[in-house]
Amino acid sequence: MGRKGMALMVVLTTLILVSGIGTLLFLRTLNEMRHSQLDEKIVQTLMLARAGALVGGGFLSGPLRDQLDALVQGQASTTSCWALGGGDCSAQEPDPILTAQALNNLARALQDRVDQLTCNQDFSPEAGLSITLRVHFTDSACGQTLPTGIQLPPGRFVEGAPRSANQAATQTYALPFVLVAQGGAGIYRRNVVVQGEYRFTLGRSSFARYALFTHIHTLPNGTDIWFTDGTLFDGPVHTNTYFRFYRRPWFGGPVTSAGCTNPSQDGQACGSQRAGAYFYGQGFLSPTQMQPSPSAPVVTNRYGTHAPTFAGG
């Protein structure tokens with residue numbers, strides 16, 4: 001009986017050991033499965049984020065360039081020796097403080113347009129997965145701040161020469177950016193952050209691209225020119241002074257003006273600058289005075305309703 005009792009104890013001990021080992025192996029297998037699933041999600045979301053970065057690269061070289069081109073046409077000077085910022089025309093580069101201020105204004109305007117194109121957009125082609133994108137030209141994009149530890153330096157002049165009546169020089173400027181692409185799968189998220197400079201070159205491009213370009217928007221005898229119901233320009237329109245609107249002229253391309261108050265005949269001087277336009281019977285209105293907005297102004301008086309259509313911005 002003593003030997004049988006000893007054998008029973010050995011068998012029970014063996015069963016307990018085998019059971020413990022089995023439980024340990026089972027728990028370890030579950031743990032490895034969890035890690036395996038986690039690793040799979042990490043790789044999956046990382047690949048999605050990298051795909052988002054590629055989408056962002058296409059955005060920077062395509063739609064963003066179109067938006068920047070439209071803004072630059074309105075903000076860059078067509079009369080000064082320096083397209084952005086200003087400064088001494090005999091210097092090798094524009095004033096750095098004025099340039100940084102001009103590029104900061106450009107970055108803020110560009111950020112608004114970038115947000116409209118990227119925020120709340122899911123670029124993933126498959127349900128259950130997500131690819132989101134935001135591009136910072138300012139500290140805030142899509143309502144989110146810059147990633148921790150990352151800062152945006154000010155915009156800068158890169159290279160070029162001052163323009164003159166005899167030299168159509170080009171000038172290159174840079175806007176720093178931070179691109180944040182996020183890949184998502186369920187509760188898992190991974191980010192890819194790309195930081196760089198968006199460089200663009202400005203110069204005196206061919207006037208052939210304009211439907212109308214005037215330095216001083218008057219007739220040779222000094223009579224003011226008014227855009228009327230019979231006006232239809234399907235292309236970029238620009239003047240270095242001001243436009244005058246009567247009734248409902250139509251513009252299919254961008255409409256810009258430098259707002260020079262006293263431009264010289266040789267194009268070397270602009271005088272002071274002010275933004276705005278003249279409306280028949282109403283006088284000069286600045287952008288803040290245009291209702292309901294500068295992009296769709298409507299003025300009604302005893303001469304009728306004056307509401308130019310800017311189909312191209």
Side-chain angles (χ1 to χ4, degrees), residues 39 41-76 82-85 92-125 129-160 170-185 187-203:
D39 291 342
K41 294 298 183 182
I42 289 175
V43 172
Q44 187 179 34
T45 52
L46 181 58
M47 295 304 293
L48 288 169
R50 287 180 175 176
L54 293 177
V55 172
F59 173 75
L60 290 172
S61 61
L64 178 65
R65 180 165 293 279
D66 296 337
Q67 297 296 327
L68 180 61
D69 182 63
L71 287 172
V72 165
Q73 288 187 40
Q75 295 193 19
W82 299 109
L84 292 169
Q92 296 300 309
E93 60 181 43
D95 183 280
I97 296 178
L98 294 177
T99 301
Q101 291 173 346
L103 289 172
N104 183 50
N105 293 335
L106 180 62
R108 290 203 304 269
L110 183 60
Q111 188 69 66
D112 291 338
R113 299 198 178 195
V114 170
D115 285 354
Q116 292 175 14
L117 295 175
T118 58
C119 298
N120 302 317
Q121 298 290 326
D122 189 350
F123 299 94
S124 175
L129 305 177
S130 65
I131 297 176
T132 58
L133 180 69
R134 72 179 193 268
V135 183
H136 288 266
F137 286 95
T138 63
D139 291 340
S140 176
C142 297
Q144 299 186 55
T145 58
L146 285 165
T148 303
I150 294 181
Q151 294 183 340
L152 274 175
R156 66 188 183 94
F157 172 78
V158 178
E159 60 182 4
T170 60
Q171 299 163 15
T172 300
Y173 298 84
L175 283 175
F177 71 88
V178 173
L179 186 153
V180 182
Q182 184 180 88
I187 62 172
Y188 300 95
R189 297 286 185 273
R190 293 282 284 185
N191 288 345
V192 168
V193 179
V194 179
Q195 189 167 12
E197 280 189 335
Y198 194 88
R199 296 188 178 187
F200 57 99
T201 300
L202 303 178

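- Screening residues 188-202 for salt bridge (charged side-chain N to carboxylate O under 4.0 Å, His left out), with sequence neighbours left out, gives Arg156-Glu197, Glu197-Arg199.
- Side-chain contact between Val114 and Gln67 is absent, with no heavy atoms from C-beta onward closer than 4.5 Å.
- At most 12 heavy atoms of other shown residues, nucleotides or ligands fall within 6.0 angstrom of atom CZ in Arg50.
- Leu48 and Ser130 make their closest contact through CD1-O, 4.1 Å (heavy atoms, listed as atom of the first residue, atom of the second, distance).
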For residues 98-110, dump all side-chain donor-acceptor pairs below 3.5 Å to protein atoms at least two apart in sequence or in another chain.
from	atom 1	to	atom 2	distance (Å)
Thr99	OG1	Asp95	O	2.7
Asn105	OD1	Arg108	NH2	2.8
Asn105	ND2	Gln101	O	3.4

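- Annotation for Tyr173 and Phe157: closest pair CE2-CD1, 3.7 Å, computed over non-hydrogen atoms.
- Residues Thr45 and Ala185 come closest through the heavy atom pair CG2-N, 3.6 Å.
- To the nearest 0.5 angstrom, Asp122 atom CG is 7.5 Å from Thr132 atom OG1.
- With contacts defined as side-chain heavy-atom distances shorter than 4.5 Å, the pair Phe137/Leu64 qualifies.
- Within the 4.5 Å cutoff, the side chain of Leu179 has no heavy atoms near those of the Phe59 side chain.
- Closest approach of Ala53 to Ala181, counting heavy atoms only: N-CB, 3.4 Å.
- Checked by atom type and distance alone, the side chain of Tyr198 pairs as donor or acceptor with a backbone atom of Leu60 at under 3.5 Å.
- Interatomic distance, Leu46 CG to Asn191 CG, rounded to the nearest 0.5 Å: 10.0 Å.
- Remark: side-chain polar atoms of Gln171 are paired, donor with acceptor, to backbone N or O of Ala83 under 3.5 angstrom.
- Residues Ile131 and Ala51 come closest through the heavy atom pair CD1-CB, 4.1 Å.
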Ignoring hydrogens and angles, write down the donor-acceptor pairs under 3.5 Å from the side chains of residues 138-152, residues two or more places apart or on other chains.
from	atom 1	to	atom 2	distance (Å)
Thr138	OG1	Gln111	OE1	3.3
Thr138	OG1	Ser140	O	2.9
Gln144	OE1	Arg134	NH1	3.3

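- Across every non-hydrogen atom of Gly155 and Pro176, the tightest pair is CA-CD, 3.7 Å.
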